[in-house]
Amino acid sequence: MDSEKAAQYWKLNIRLVTVLLVIWFTVSYGFGILLAEPLNAIRVGGVGLGFWFAQQGSIYVFIVLIFIYTVCMNLLDRKFGVNED
Amino acid sequence: MDLSTLTFTVVGATFALYIGIAIWARASSTGEFYVAGKHVHPVANGMATAADWMSAASFISMAGLIAFNGYGASVFLMGWTGGYVLLAMLLAPYLRKFGKFTVPEFIGERYYSQTARLVAVICLILASVTYVIGQMKGIGVAFSRFLETSYETGLYSGMGIVAIYAVLGGMKGITYTQIAQYCVLICAYTIPAVFISLNLTGSPAPQLGLIGTMADGSGLTMMEKLDQVVTDLGFAQYSEQVMGSKLNMFVYTLSLMIGTAGLPHVIIRFFTVPKVKHARSSAGWALVFIALLYTTAPAVGSMARLNLTETIQTGPVGEETANIKIAEVPRWMTNWQKTGLLDWEDKNGDGRIQYYNDGGLTTAEQALDAAMESGQDIEAAKAKLAAVQAAHAKTEFASHGWAGNELTKVDNDIMVLANPEIAGLPDWVIAIVVAGGLAAALSTAAGLLLAIASAVSHDILKGMLVRNISEKGELFVSRLSMAGAIILAGYLGLHPPDFAAGTVAIAFGLAASSLFPALMMGIFNKRINRTGAILGMISGIGITLLYVFQHKGIFFIPGTAFLGDLPPNWFFGISPNAFGAVGAAVNFTVAIWVSKKTAAPPAHIQQLVEDIRVPKAASASSGQ
């Protein structure tokens with residue numbers, strides 16, 4: 001892979017990771033900690049939304065983020081012809 | 001069959017299974033010993049990683065922490081899962097592409113320095129050894145309590161089991177054993193949780209029970225009921241109580257996340273899968289399997305707290321008959337009283353137990369007793385007690401004739417183990433929970449021991465001392481160093497330095513402040529050079545250790561702390577356990593600044609970084 005293409009591949013990778021980490025930060029530190037009190041006004045069943053994100057929701061989002069990352073990176077690998085199979 | 005025979009049978013059967021797997025999957029080459037020949041399926045690796053990661057702390061302690069810290073304990077739930085996002089996106093695929101056996105090996109090559117490799121080995125060994133002591137202690141306690149042997153016998157049995165399958169099987173044996181251990185531990189955790197959730201809320205899924213409505217016809221949700229029950233007794237509101245401050249919770253969560261991503265025994269699991277894309281998905285699968293337990297834990301914790309409180313406070317606060325009679329406490333309470341982890345004392349002589357927040361009365365009484373014994377600060381302790389007593393006398397609790405919290409001891413750690421008994425589940429469930437706790441402790445201990453053994457034999461012996469050692473010789477030394485690590489961990493487990501909480505702090509602090517930043521910058525910043533990385537690791541660890549020691553004592557020796565371990569002395573209210581994130585920030589800053597001031601890494605190192613960033617070189621010219 002020439003260096004220009006490599007730089008392009010890396011740039012797209014960094015962009016993807018940045019977006020996913022912003023979401024990662026928002027659901028845990030944002031919804032779960034910093035904004036927990038205002039969010040608790042919204043109820044999810046018997047608990048406040050902030051509490052729910054801190055003890056349940058953020059974990060579910062983490063799983064989804066990793067699989068989105070996996071799928072997107074596999075596509076990116078194929079697009080640049082650097083996939084292993 | 002009585003409980004101890006049943007427990008013996010179930011635990012014995014699971015151990016026979018683990019050893020059988022180890023013999024079937026024994027390692028015959030260093031590749032198989034260190035990284036299971038790189039043939040592990042990503043889902044299987046995810047399951048093994050989950051067992052590797054979830055230790056006695058996750059299985060036994062976490063639900064208890066949640067029960068008594070409520071919302072504040074969210075730091076553990078988010079911290080110990082969110083790290084996998086960092087691991088999957090920032091480390092695992094690149095380290096797999098690098099394609100070697102150990103974490104220090106990467107640091108040594110990327111920073112073209114044996115010194116960097118040695119610093120990494122030291123960090124790794126310190127973090128892993130402190131962590132493994134805790135596991136050994138957990139194994140000893142679980143064995144001795146349920147098999148009715150002494151703590152020492154329990155510990156020796158645990159060491160023997162780990163020795164057989166870890167030394168024989170290496171990573172290959174450990175991987176397949178951990179898969180079996182995951183199945184045992186997750187069943188053991190969820191079965192009681194399902195029954196308890198059904199009892200309280202009518203929902204078979206604990207995750208839904210947590211947000212569900214009580215099945216007692218009161219119309220209240222589970223959380224409203226719990227909040228009401230605990231606040232009536234003067235405790236903090238469960239769903240809103242914070243741990244320290246919001247800032248402390250933020251930094252604590254960050255430390256646990258970075259520490260998770262930086263712990264070597266977790267990282268090396270991602271060296272075992274066949275391809276880079278498997279390293280990515282495997283982290284996702286690991287988190288799926290971990291989440292099964294971690295999303296159940298908040299339900300277990302909150303329901304255990306509700307059950308415990310309502311066992312003692314059976315009706316409205318203040319009604320004379322609403323507290324349980326000491327003569328009528330359930331069997332599980334008397335069972336646990338024998339272990340010394342649960343205790344009560346009839347302070348007001350009414351023959352009943354009152355469990356409530358007495359505003360520090362019990363603590364002040366205990367402080368005075370301690371002062372009388374040591375002969376120091378007696379006056380201060382007396383004055384403190386008088387002040388607390390005066391405040392207590394004005395509360396409504398005092399007007400009910402209550403004379404202080406009578407449930408004088410509730411150890412967090414009994415919650416999961418006592419849960420099946422509290423819920424009145426059959427004995428076979430209790431036996432499975434014991435087997436699950438042991439599976440959690442054994443699987444983590446084995447993973448840690450492998451990380452230590454590979455650092456000693458591969459990084460120090462082969463990498464630095466005897467470079468031309470044969471594969472057979474290296475394999476022999478790996479087994480020998482693992483046996484040595486087991487004996488060392490067992491010895492330290494027999495004479496624990498008594499710092500359970502400190503152990504966790506230092507293990508996470510070390511990994512977060514040293515290894516994670518060095519690894520991440522090694523991949524994402526080509527400009528970081530040898531000097532920057534070494535100074536970064538040393539200053540990151542250094543400041544973390546300094547902060548932990550200044551509040552908890554030098555090497556945790558009591559009396560050597562030069563600042564008290566109390567919130568007013570903490571830097572911005574950040575607890576020592578949460579300081580790893582600050583250490584990591586220092587590491588990043590120092591490494592980047594020093595690298596800027598010194599020469600860039602040589603061209604072949606920059607080329608190495610280019611290479612690990614792509615799963616496969618597309619053309620021969622840039623191939624490896």
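Throughout, a chain's letter reflects where its sequence line sits, starting with A, and its residues are numbered from 1. Bear in mind that the values here come from a model prediction, so they are computed numbers and not experimental data.
No part of Phe76(B) comes within reach of chain A, as not one of its non-hydrogen atoms sits under 4.5 angstrom from that chain. Interface remark: Ile14(A) contributes side-chain atoms only to the contact with chain B (heavy atom separation under 4.5 Å). Of the two parts of Met78(B), the backbone and the side chain both hold a non-hydrogen atom closer than 4.5 Å to a non-hydrogen atom of chain A. Both the backbone and the side chain of Asn74(A) come within less than 4.5 Å of a heavy atom of chain B.
Closest of all the heavy-atom pairs between Met89(B) and Leu65(A) is CE-O, 3.8 Å. Minimum heavy-atom separation, Gly284(B) to Phe67(A): C-CZ, 3.6 Å.
Side-chain atoms of Glu84(A) never come within 3.5 Å of backbone atoms of Lys275(B) as a donor-acceptor pair (strictly under, hydrogens ignored). Checking side-chain atoms of Lys246(B) against main-chain N and O of Ile33(A) turns up a donor-acceptor pair under 3.5 Å. Although no hydrogens or angles enter the test, the distance criterion places a donor-acceptor pair under 3.5 Å between the side chain of Tyr29(A) and the main chain of Leu254(B).
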Next item on the list: Using the side-chain hydrogen bond (donor to acceptor under 3.5 Å, both in side chains) rule, take Ser74(B) and Gln55(A) through it: C-alpha gap first, then chi angles, then the decisive distance, then the call.
Entry: CA-CA 6 Å; Ser74(B) 308; Gln55(A) 301 215 333; 3.3 Å; yes

Checklist line | Derivation and outcome, side-chain contact (heavy atoms from CB on, under 4.5 Å), residues Tyr69(A) and Val85(B) | finding: CA-CA 9 Å; Tyr69(A) 170 77; Val85(B) 178; over 6 Å; no

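More than 12 heavy-atom neighbours from other residues, nucleotides or ligands sit within 6.0 angstrom of CH2 on Trp53(B).
Aromatic ring pairs are classed by plane angle as parallel below 30°, tilted from 30° to 60° and perpendicular above 60°; the pair Phe51(A) and Tyr71(B) is tilted.
Interface check for chain A: of the options Leu287(B), Asp227(B), Val288(B), the most heavy-atom pairs under 4.5 Å are formed by Leu287(B). When each of Asn83(A), Ile63(A), Val61(A) is checked for heavy-atom pairs under 4.5 Å with chain B, Ile63(A) comes out on top. Ranked by heavy-atom pairs under 4.5 Å with chain B, the first of Gly46(A), Ser28(A), Ala36(A), Gly45(A) is Gly46(A). Contact count versus chain B (heavy atoms, under 4.5 Å) is highest, among Trp10(A), Trp24(A), Trp52(A), Phe62(A), for Trp10(A). In terms of heavy-atom pairs under 4.5 Å with chain A, the best-connected choice from Lys277(B), Lys225(B), Glu224(B), Met249(B) is Lys277(B). Per-residue heavy-atom pair counts under 4.5 Å with chain A were compared for Ile290(B), Val75(B), Thr81(B), and the maximum is reached by Thr81(B).
Note: Ser281(B) OG to Ile66(A) CD1 = 10.0 Å, rounded to the nearest 0.5 Å.
Between the side chains of Arg613(B) and Asn13(A), no donor-acceptor pair of N or O atoms lies under 3.5 Å.
Two residues are said to be in side-chain contact when any heavy atoms from C-beta on lie closer than 4.5 Å; Leu77(B) and Gln56(A) fail this criterion.
Heavy-atom proximity under 4.5 angstrom to chain A picks out Gln207(B), Leu210(B), Ile211(B) from residues 204-218 of chain B.
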